[in-house]
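Below is one structure, written out as structure tokens; comments come after it.
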Protein chains: 2
Amino acid sequence: MMRERRSVGRPRASSRDTIEEAAAELFLEQSYAGTTIDDITQRAGVSRATYFNYFDSKSDLLWIDADQAIERFSECVGAGFKVLDAIATVASEVGSERVPLVVAQSDVMGTGDELVASGFVRVARVTTLIRAALVAESSEEPGSLSLHVRANCLSGAIIAAWGAWIAGGVSRRSLAEYLNDALALVKLEQ
Amino acid sequence: MMRERRSVGRPRASSRDTIEEAAAELFLEQSYAGTTIDDITQRAGVSRATYFNYFDSKSDLLWIDADQAIERFSECVGAGFKVLDAIATVASEVGSERVPLVVAQSDVMGTGDELVASGFVRVARVTTLIRAALVAESSEEPGSLSLHVRANCLSGAIIAAWGAWIAGGVSRRSLAEYLNDALALVKLEQ
DNA sequence: TCTATTACTGCACTCAGTACAACAAACCGA
DNA sequence: TCGGTTTGTTGTACTGAGTGCAGTAATAGA
């Protein structure tokens with residue numbers, strides 16, 4: 001990802017947005033796999049080095065929206081929210097205005113290994129956050145098996161809900177609704 | 001992965017084993033990240049092209065043992081085993097003779113993104129298999145949310161058990177024991 | 001105007017992964 | 001024994017992601 005700034009030094013150009021837009025266009029025209037980072041930076045009118053100033057990898061572009069949500073989730077957890085509250089909060093803030101790039105591309109590419117793999121990096125982050133929240137709110141031992149199982153089930157439910165939300169077309173029902181259904185299936189307490 | 005052979009044509013040299021051994025040695029000496037495919041093939045006395053004849057990627061080497069287990073799991077599911085039976089069967093066959101490479105390396109590398117990502121490719125495969133088995137054994141709709149949630153919880157439990165097994169040192173308790181504990185926490189039926 | 005700080009660029013490099021043509025070793029049927 | 005077929009192995013050339021770094025540009029503040 002790579003965010004935040006300081007108010008000293010040369011101010012940023014609009015590079016980040018320009019890059020995102022160029023990428024979105026090109027992914028539509030040529031698909032993710034068919035687009036190189038050079039293509040993107042060229043269209044954005046920016047150097048390749050600048051790309052890596054803003055993103056850590058090519059696949060980061062697919063997950064911009066998800067990463068924002070995760071960032072938000074992280075803040076909630078850090079602020080002491082209970083897991084289910086944090087999930088509900090973030091979900092309520094996720095709109096359906098924009099189709100995440102990863103979705104458009106999974107249609108085109110299928111679920112190839114690269115896409116799947118880059119997705120798990122996010123899953124892993126979420127799961128880690130859930131564990132932290134569970135430890136804070138319950139009497140779960142930090143390294144215990146049951147903590148891991150519970151956290152994995154929760155993130156499993158989130159993934160399932162997210163997948164269903166995507167599969168159904170993001171504007172049919174809200175993510176929050178899918179999450180309600182999914183989390184109800186996971187008997188958390190006992 | 002890439003396996004199986006036919007009895008026609010030039011017979012295989014012992015390339016595969018040689019490569020695995022060379023890799024195991026080098027990973028110990030220089031770590032996974034510090035070892036290139038060239039290093040490996042050079043020590044194995046084999047060409048680079050041959051490497052990709054046997055493995056699809058560098059990270060495949062880390063997951064040799066896991067991939068074998070998944071292959072077995074796939075067979076069980078294909079043979080009509082119920083999910084829990086398939087899991088139990090595979091688990092009972094997993095020995096603790098050898099420390100999987102991915103474990104040794106996660107000590108050294110921490111859980112870097114590459115390792116995490118390559119791991120999820122496996123998780124995704126397992127989850128897909130679980131879904132297939134659930135569809136076959138229950139009255140679950142192929143694309144339903146509850147199917148996905150249940151499958152994700154099960155694979156979440158498996159991952160947790162696997163992680164605990166690794167973390168505790170593979171020879172302290174058997175994988176099957178950890179799996180029992182983990183799966184008990186997932187109230188599958190309702 | 002000088003300085004510190006940050007944004008941006010250019011360039012050279014490493015390495016994973018792909019593609020493909022050529023060669024080697026086995027088997028088979030004639 | 002001789003081609004022909006099949007499959008394993010090699011060499012080579014290529015693409016493209018990601019890294020490292022030195023150098024330059026633009027700003028704020030002293």
Side-chain angles (χ1 to χ4, degrees), chain A residues 1-20 22-23 26-27 30-63 101 105 109 112-119 121, chain B residues 1-20 22-23 26-27 30-63 101 105 109 112-119 121:
Chain A
M1 274 190 306
M2 291 172 139
R3 291 275 181 162
E4 79 203 60
R5 65 172 64 201
R6 278 155 284 284
S7 66
V8 204
R10 174 175 175 171
R12 294 193 148 152
S14 53
S15 310
R16 186 187 187 95
D17 291 338
T18 326
I19 293 172
E20 288 185 15
L26 285 164
F27 289 173
Q30 320 176 346
S31 88
Y32 174 80
T35 304
T36 69
I37 296 185
D38 277 317
D39 291 340
I40 298 171
T41 55
Q42 212 168 317
R43 175 164 306 190
V46 139
S47 83
R48 217 180 96 90
T50 295
Y51 177 89
F52 286 102
N53 246 328
Y54 285 98
F55 304 94
D56 289 327
S57 70
K58 185 185 174 190
S59 57
D60 272 15
L61 288 170
L62 294 174
W63 300 94
L101 286 180
Q105 286 306 308
M109 312 168 42
D113 275 359
E114 184 186 1
L115 203 156
V116 169
S118 66
V121 175
Chain B
M1 272 194 308
M2 298 172 136
R3 292 271 181 163
E4 81 204 56
R5 64 172 63 204
R6 275 155 286 285
S7 67
V8 204
R10 175 175 175 171
R12 294 194 149 150
S14 53
S15 309
R16 188 185 187 98
D17 290 339
T18 325
I19 292 172
E20 288 185 17
L26 285 164
F27 289 173
Q30 320 176 345
S31 88
Y32 174 80
T35 304
T36 69
I37 295 185
D38 276 319
D39 291 339
I40 298 170
T41 54
Q42 212 167 319
R43 175 163 308 190
V46 142
S47 85
R48 219 181 95 90
T50 295
Y51 177 89
F52 286 101
N53 244 328
Y54 285 97
F55 303 95
D56 290 325
S57 70
K58 187 186 172 190
S59 57
D60 272 14
L61 288 170
L62 295 174
W63 299 95
L101 285 180
Q105 287 305 309
M109 309 168 44
D113 275 359
E114 184 187 358
L115 203 156
V116 169
S118 66
V121 175

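Nothing here was measured: the structure is a model prediction, and the numbers come from that model. Just so it is clear: chains get the letters A, B, ... in the order the sequence lines come, proteins before strands, and each one is counted from 1.
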For this session: Mind checking side-chain contact (heavy atoms from CB on, under 4.5 Å) for B:Ile37 and listing every partner two or more places apart, or none if nothing turns up?
Result: B:Thr41, B:Arg48, B:Tyr51, B:Phe52, B:Lys58
Exercise. Within the modelled atom types, does a donor on one side and an acceptor on the other bring the side chain of A:Arg48 and the base of D:dG16 under 3.5 Å apart?
Worked result: no
Seminar exercise, completed: Quick tally for nucleotides 20-30 of chain C: nucleotides whose base has a protein heavy atom under 4.0 Å get B, sugar-phosphate-only ones S, the rest -, giving ----BBS----
Seminar exercise, completed: Between B:Gly45 and A:Thr35, whichever has its closest DNA chain D nucleotide further toward 5' is B:Gly45
Problem set entry | A:Phe55 CZ - D:dT19 P separation (whole Å) | 15 Å
For this session: List for me each residue that meets side-chain contact (heavy atoms from CB on, under 4.5 Å) alongside A:Ala44, sequence neighbours excluded, and say none if there are none.
Result: A:Thr18, A:Ile19, A:Ala22, A:Val46
Seminar exercise, completed: Picking from C:dC8, C:dA16, D:dT10, the nucleotide nearest the side-chain atoms of A:Ser15 would be C:dC8
Exercise. Looking at residues at least two apart in the chain, or sitting in another chain, which of them share a side chain to side chain donor-acceptor pair (under 3.5 Å) with B:Gln30?
Worked result: B:Thr35
Exercise. B:Ser59: what forms a side chain to side chain donor-acceptor pair (under 3.5 Å) with it, not counting sequence neighbours?
Worked result: B:Ser57
Seminar exercise, completed: Tightest non-hydrogen contact, residues B:Ser118 and B:Trp63, listed as OG-NE1, 2.9 Å
For this session: Could you work out which one of D:dG18, C:dC8, D:dT9 sits closest to the side chain of B:Ala13?
Result: D:dT9
Seminar exercise, completed: When rounded to whole Å, the CD1 to C1' distance for the pair B:Ile19 and D:dT10 reads 13 Å
Problem set entry | Phosphate contact (C:dC8 OP1 or OP2) by A:Thr50 side-chain N/O below 4.0 Å | no
For this session: Take the protein atom CG of A:Asn53 and the nucleotide atom P of C:dT6, then report the distance between them rounded to whole Å.
Result: 13 Å
Exercise. Are any of B:Tyr54's side-chain N or O atoms less than 4.0 Å away from OP1 or OP2 of D:dT9?
Worked result: yes
Seminar exercise, completed: Residue set satisfying side chain to side chain donor-acceptor pair (under 3.5 Å) with A:Asp38, at least two apart, ordered chain then number -> none
For this session: Give a yes/no on whether any side-chain N or O of A:Thr36 is located under 4.0 angstrom from OP1 or OP2 of D:dT15.
Result: no
